[in-house]
Amino acid sequence: MNQNQLFQRTRIRLALCYAVVMGLILTTCGFGLYTAIFHAHSIALDRELEFVANTLHNNLESKLEQPGKLTPIVKELLPNICLIKTNCISPKSSYQSHILNVLNQSYYVRLFDNSEYLIAIAGSLPQTKSSVLNKKRWETIEDDAGNFYHQISLSLHTKDNRDWGYLQVGRNIADVNSYMDAVKLSLVVGLPIAMMMVAGASWWLAGYSMRPIYQSYRQIQQFTADAAHELRTPLAATQATIDSALLMPDLDIKEAWDILATIKRQNQRLTSLVVDLLMLSRFDRKSISLAQELCCLNDIINDLIEEFAAMAISAKVMLKSEFHVHKDVNIVGNSEQLYRLFSNLIVNAIQYTLPSGKVTVILDICDSNAIIQVQDTGIGIPKNELSHIFDRFYRVNSDRSRHTGGSGLGLAIAKIIVLSHHGSLEVKSKVGQGSTFTVTLPVQDCDSELHIRLNNLYKFSKNI
Ligand code: ADP
């Protein structure tokens with residue numbers, strides 16, 4: 001396949017298309033995965049912050065008395081709270097059992113009075129000089145050191161429901177960001193690796209899916225070459241006969257008859273070859289619509305034994321039939337094709353059997369199948385050739401086959417006739433002992449004739 005430019009180009013195009021489509025799908029999935037993970041983390045972070053802020057908010061509100069004033073009891077709740085006026089630096093060891101500490105040490109709390117002035121702080125605060133309150137409920141900020149924080153702001157009330165000020169609870173989100181960076185990095189590194197694997201797989205898949213097409217392309221090429229070769233032989237023979245006739249100055253009537261007989265023989269060979277080729281191509285295109293009828297196999301076999309009796313006598317071969325059933329065996333099929341099938345097998349059997357040999361056509365029934373065997377005591381077929389003899393133009397021994405007038409299409413045609421009748425064709429052979437070709441065809445029940453008639457009637461009414 002790699003030597004053929006057309007197939008090579010198609011394979012590259014197919015592999016590229018696969019790779020591009022898969023690449024787009026993978027990139028979309030990667031982006032979707034990143035967004036989903038980010039979304040899940042944001043929601044978890046918001047919930048956590050909201051929980052901490054609400055807990056603190058409810059606890060504080062139950063203790064606050066004067067707007068903008070912190071009661072000493074608040075110290076119990078937030079041990080490390082620091083009033084801005086006192087300019088304190090929060091000692092980290094001083095808060096051991098607080099809710100913020102239990103969760104993690106990246107939390108901070110800020111308290112603003114009603115005039116949005118920062119009055120107290122607690123926890124790991126952002127390194128920023130700005131102490132302005134942003135009243136947005138949710139906010140993500142970046143401090144002067146480049147750290148990111150996520151915070152929530154809630155309004156605070158005193159015990160007697162007067163406005164006290166605002167509570168802001170926030171958290172350093174470096175852990176979330178570093179996790180998301182790790183996800184991003186694995187996607188950025190993983191996607192090109194996945195793309196390379198996809199490209200390799202695409203190349204292999206394109207080759208794999210094109211293999212049957214390439215095989216049938218090769219078969220067609222081989223078939224065309226074989227057909228041309230077979231057609232050339234009789235054409236060349238005719239040409240040579242005509243050329244030699246033209247060279248004869250005084251052609252007498254007997255010589256002219258001989259020449260015409262040669263040309264006629266070659267013409268017949270050509271005609272039968274073209275008919276066979278046409279038939280095969282029609283079967284291939286399934287454009288052949290066979291008239292179906294009830295065919296009696298006993299009659300067909302008897303007719304053929306009679307027809308080929310003279311041929312068998314001249315080949316000094318004994319030709320006979322054996323019916324192992326004592327009733328008529330009927331199948332639905334095309335009688336013309338069935339005659340062709342069995343005559344191909346019988347002619348082969350006679351042609352490939354030496355004088356004083358025997359050819360027997362046996363008819364039997366087994367499991368509602370008609371079994372027809374064409375047995376001969378002929379030259380047989382080597383084991384390694386058995387799988388090829390049904391191939392088009394295949395001949396075991398070309399010289400001998402050509403001598404018998406065979407073109408190597410007989411068994412190929414026999415096979416497709418059997419298949420078109422939903423049957424099977426098998427061969428057993430031993431070199432020097434003979435061959436047995438077994439045809440199995442489904443036998444029809446009593447309703448078949450009625451069925452065929454109704455079918456024909458239906459087709460006829462459709463045509464009107
Ligand atoms: P051909 O027209 O050359 O006989 P077929 O397709 O009928 O072509 O057969 C293919 C090949 O199978 C033949 O060339 C022949 O060598 C072999 N063959 C077919 N039938 C027999 C047989 N009964 N005994 C031995 N060889 C056979």
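Here the structure is a predicted model, which means the values were calculated and not measured. In listed order, ligands and their atoms are each counted from 1.
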Show me which atoms of ligand 1 lie under 4.0 Å from any heavy atom of [X].
X	value
R395	3 (O), 14 (O)
I389	10 (C), 12 (O)
Y394	10 (C), 11 (C)

Open item on the list: Taking distance alone, with N or O pairs closer than 3.5 Å, would you say G410 contacts ligand 1?
Closed with: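 It does: an N or O of G410 is found under 3.5 Å from an N or O of ligand 1.
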
- [ ] Examine G408 against ligand 1 and note whether any of their N/O atoms are separated by less than 3.5 Å.
- [x] yes

Task: Between NZ on residue K320 and CD1 on residue I362, distance to nearest 0.5 Å - done: 8.0 Å

Open item on the list: Measuring from atom CG of D258 to atom CG of D252, what distance do you get when rounded to the nearest 0.5 angstrom?
Closed with: 8.5 Å

Open item on the list: Would you call the rings of Y149 and Y108 parallel, tilted or perpendicular, taking 30° and 60° as the class edges?
Closed with: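 Taking Y108 first and then Y149, their aromatic rings stand perpendicular (interplane angle over 60°).
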
Applying a 4.0 Å heavy-atom criterion (strictly less than), which segment of [X] is in contact with ligand 1: side chain, backbone, both, or neither?
X	value
I381	side chain
D376	side chain
F437	side chain

- [ ] Check whether any side-chain heavy atom of L154 lies under 4.5 Å from a side-chain heavy atom of I152, and answer yes or no.
- [x] yes

- [ ] Check whether any side-chain heavy atom of I371 sits under 4.5 Å from a side-chain heavy atom of Q373, and report yes or no.
- [x] yes

TODO: Could you please spell out the steps behind the side chain to side chain contact (heavy atoms under 4.5 Å, CB included) verdict for F38 and V176?
DONE: CA-CA 9 Å; F38 181 75; V176 179; 5.8 Å; no

